[in-house]
Each structure stands twice: as C-alpha cells, then as structure tokens.
Amino acid sequence: MMSSEHLTCGWLQQLLVVLLKLCLALAGPLRSPDGTGCTAKGPASYILVFTGHWSPQAFPKQYPLFRPPAQWSKLIAVSHTRHFRLWEEGALASAGLQIFAELGLTVELMKAAKEARKRRTVGAMYRTAGIPDGIGHSSTELLMQPRSSLLSLMVKMIPSPDWFVGVDGINLCEGSQWKQEVNIDLQPYDAGTDSGFTFSSPNFPSSPPENISMITSQMPNHPANSFYYPRLKELPPIASIRITRQNGSPGHQSPMSNHILPNSIHPQRFSVTPLDCEVSLWSSWGWCLGPCSRGGVRHRTRYILLRPANAGTPCPELEEQAECVPHSCMKLQ
C-alpha cells in the first residue's frame, strides 16, 4: 500500500501546479471576450454633443440657402463590439446605410442594429433630433458597457446626394479605465450609392455602387464638386463631436435638451474659406466692327460661373477686344 506521506507529497505537487497556473494567468494581460480590450469593472455614463459647423463662411461654394437650406438629419449612434460595423470607409454601403445617406431615414439601420443586439454584438442604440440649420447642436446621454465599449454614429447632410459625417468604432474604454473626454472633428463622406456632384444634384444612382470614401478639397477632382476648393490642403471641419463622461451613478443624470450645450462646451470657431471667382471659357470672336485697315476691332466675352467670396480671387475681365484681321471683316453695302 502507498504510504500517507507519499499521498501527501503527490497532493502538494498537484496544488503547486494549480497555483502556478493561476499565477501565470493573473500575471498575463486581461482580455475582453468581445475584442474591445475593455476590462472596466462597470458601465460609464457620457454626454455626446454633436456640433454642426456648416456655414457659408467656411463652405461658401454652392452653399444651400433654400429648398431645402443646409441642415442636419437625426443622429444615429450605436454602442457595439468588434463584431459589428455601422459603416466602414472603403467598404460598400449596406441597404440601410444607403437609405439613410440618401433620404435620412433611420428605420433600416435601427432594424439591423436590433438584429445585431440579439446576437449580443450591439449594446444600445441612440437617436437625437435633427438640426434645422448648418450650425447648431444636438445631444444625448450614452450608457456604455465594458462588453460593448465601441461607439459608431452617423448624421446625414441635407441637402446632398448621399453625403454624411460620422465615427466608425471609437473605443471609449482604455484597458480598465473609461476615457474622460473625447473630441473629434468630422469630415464629409460619400456613401458611394449616388453619383451627384453638388448639394442639390438630382438622384443619379451609382452603377455599380462605389465604396464609402472621404470627400476632400481635391477629391472628387472636378470643378463642379460642391467641396472642390483647390487652394485648400484640407477642408475645415464641417462638424465635430464631444463625448464627456459624467460623474455620479450611471443612468441617473439630468436629461439634456436638444440644441442646448453644457456650460463646459463651446462652439469652435474656424477661419473663413476664400472662394475664388470662376468664369466660363471665352466665346468665339465676333465680326469686325469698322474698317479693317483703319482701327477696326472685334470682341469676345465670357461670363461668371461662381462669384468670389471671403476675400477670394476677384473675377477677371469679362470682355476682350483685338484688332481685326481681314477674313473677319464685314463689308458695308
């Protein structure tokens, strides 16, 4: 028979092995089961403020003044894991995203988020009211959970073919700590489902659809593009968001009214964007007026396509004259 001393030694060895494995596990980095890297002990409450900076001073080219004027749609925001994407630059737009980017309707996007919530890849969904001007604010309270610490959001530009601003999967948690404040300047994106160049372009579906891409001062590289500002290296921010953590118990904060900012939030000020004058090509030369041999002249004209603004380059001469040449002379009867 095996001695009790031998049994005790074997039991101690097994215990040491278990303790060693436990120590190694605790010494290694903690990992989030949802791939977010968030190991915070509990939820966090935030206030999200969206601010539109779409003004005729910052974006003077073809700025929409009526039918409809410049404005912002409802904001849609989703907290989620790494296994969900509301939208992604360089990828094709989903059917729900297309409807939102073209028409500003959130129903299909929210339906997709609800389906993802059943699979536990989406935590919560949020919406704010639209903003009836290019400059303004909207806000909502967010309750973020460690398992779904990523935040994505979208706001459609109205009017536009399929343009929007948004954030794709920002992580509000860093390790075991929730971030205190996040500020992001936003640039316009093209959903790739409509081929319009200007804010008021008619519906012209892209066939085949193109990938979601950022609109810049140089791309699309076409003078008709409403955001084409060849003098600028980059566009000024057309909108921004500020996400601020609230102190106290999550879910028990005072509600915030839309378009009303907390005292700590101030609208940003950006320099005006100069808009250079744009003119058409010259017309063909007209007939000579007067005798060719004694100071007769001929004329050509061009017209203004886009008037300058914000100290942009002024318009050049719209009429030009030159001496006649024999083949353009009119013989008087």
| message | Would you compute the distance between atom OG of S138 and atom CD1 of I131 and round it to the nearest 0.5 angstrom? | response | 4.0 Å

List the atom pairs, donor and acceptor, that lie under 3.5 Å between side-chain atoms in residues 104-113 and the rest of the protein, sequence neighbours left out.
{"residue": "T106", "atom": "OG1", "partner": "R127", "partner atom": "NH1", "Å": "2.8"}

| If you round to the nearest 0.5 Å, how far is OG of S284 from NE2 of H299? | 14.0 Å

| Sequence neighbours excluded, which residues qualify as side-chain contact (heavy atoms from CB on, under 4.5 Å) partners of K179? | Y46, E174, V182

| request: Quick one: list whatever passes side-chain contact (heavy atoms from CB on, under 4.5 Å) with F66, sequence neighbours left out. | output: none

| Testing V122, D168, I76, I170 for side-chain contact (heavy atoms from CB on, under 4.5 Å) with S152, which one passes? | D168

| said: Taking side-chain contact (heavy atoms from CB on, under 4.5 Å) as the definition, give me every residue that meets it alongside D194, ordered by chain and number, with sequence neighbours left out. | reply: E102, P161, D162, N203, F204

| Does the side chain of M125 reach to within under 4.5 Å of the side chain of K114, using non-hydrogen atoms? | yes

| field | Distance-only donor-acceptor check, side chains E141 and S45, under 3.5 Å | value | yes

| message | Between W178 and C38, is the side chain to side chain contact (heavy atoms under 4.5 Å, CB included) condition met? List the steps. | response | CA-CA 8 Å; W178 289 103; C38 182; 4.3 Å; yes

| request: Under the side chain to side chain contact (heavy atoms under 4.5 Å, CB included) rule, what do L172 and S149 come out as? Steps first, then yes or no, please. | output: CA-CA 6 Å; L172 296 183; S149 62; 5.5 Å; no

| query | Sequence neighbours excluded, which residues qualify as ring-ring contact (aromatic ring centres under 6.0 Å, His included) partners of Y189? | reply | W87, F164

| Side-chain heavy-atom pair L318, I304 within 4.5 angstrom cut-off | yes

| task | State whether the side chain of R242 and the backbone N or O of I47 hold a donor-acceptor pair below 3.5 Å, judged by distance alone. | result | no

| field | ring-ring contact (aromatic ring centres under 6.0 Å, His included) partners of F199, counting only residues at least two apart | value | W54, W163, F227

| query | Any donor-acceptor pair under 3.5 Å linking the side chain of T39 with the backbone of G175? | reply | yes

| field | ring-ring contact (aromatic ring centres under 6.0 Å, His included) partners of F100, counting only residues at least two apart | value | none

| note | One should read off an interatomic distance between D133 CG and S55 OG, to the nearest 0.5 angstrom, of 9.5 Å

| Can you find a heavy atom in the side chain of H83 that is under 4.5 Å from one in the side chain of R119? | no

| Can any side-chain N or O of T273 pair as donor or acceptor with the backbone N or O of A58 at less than 3.5 Å? | yes

| Is I215 linked to L92 within one hydrophobic cluster, defined over Ile, Leu, Val, Met, Phe, Trp and Tyr using a side-chain heavy-atom separation of less than 4.5 Å? | no

| said: Would you say the ring centers of H137 and F50 fall short of 6.0 Å from each other? | reply: no

| message | Same cluster or not: W72 versus Y63, using hydrophobic residues (I, L, V, M, F, W, Y) connected whenever any side-chain heavy atoms lie under 4.5 Å apart? | response | yes

| said: I'd like to know if the side chain of R302 and the backbone of E317 have a donor-acceptor N/O pair within less than 3.5 Å. | reply: yes

| task | Applying side chain to side chain donor-acceptor pair (under 3.5 Å), name anything that partners E115, two or more places apart in sequence or on another chain. | result | K118

| Side chain proximity check, Y229 to P60, heavy atoms < 4.5 angstrom | yes

| field | CD1-OG1 distance between I243 and T140, expressed to the nearest 0.5 angstrom | value | 11.0 Å

| Are R120 and T81 close enough, and set up right, to give a side chain to side chain contact (heavy atoms under 4.5 Å, CB included), and what steps lead you there? | CA-CA 8 Å; R120 299 178 64 83; T81 71; over 6 Å; no

| message | With clusters defined by side-chain heavy atoms of hydrophobic residues (ILVMFWY) lying less than 4.5 Å apart, directly or transitively, does V78 cluster with L97? | response | yes

| For Y303 and V279, what are the C-alpha separation, side-chain angles and deciding distance, and is it a side chain to side chain contact (heavy atoms under 4.5 Å, CB included)? | CA-CA 6 Å; Y303 56 90; V279 295; over 6 Å; no

| field | Cluster overlap V155 with I99, hydrophobic side-chain contacts below 4.5 Å | value | no

| Would you say the side chain of L235 lies within less than 4.5 Å of the side chain of P188, judging by non-hydrogen atoms? | yes

| Among all residues two or more places apart in sequence or in another chain, which pass the side-chain contact (heavy atoms from CB on, under 4.5 Å) test with A77? | L75, Y126, L151, L153

| task | Please answer whether the main-chain N or O of A322 pairs with a side-chain N or O of W285 as donor and acceptor at a distance below 3.5 Å. | result | no

| field | Side chain to side chain, P68 and I158, heavy atoms closer than 4.5 Å | value | yes

| said: Tell me if a side-chain donor or acceptor on E234 pairs with a main-chain N or O of S217 at a distance below 3.5 Å. | reply: no

| message | Hydrophobic clustering (ILVMFWY, side-chain heavy atoms < 4.5 Å, transitive) - are I184 and M144 grouped together? | response | yes

| Partners meeting side chain to side chain donor-acceptor pair (under 3.5 Å) with S195 (sequence neighbours left out) | S206

| query | Tell me the salt bridge (Lys or Arg N to Asp or Glu O under 4.0 Å) pairs involving residues 55-79, sequence neighbours left out? | reply | K61-E278

| task | Verify whether one side chain among T301 and E319 offers a donor that lies under 3.5 Å from an acceptor in the other. | result | no

| Sequence-distant partners of S79, side chain to side chain donor-acceptor pair (under 3.5 Å), two or more places apart | none

| Short side-chain donor-acceptor distance under 3.5 Å, D185 and Q187 | no

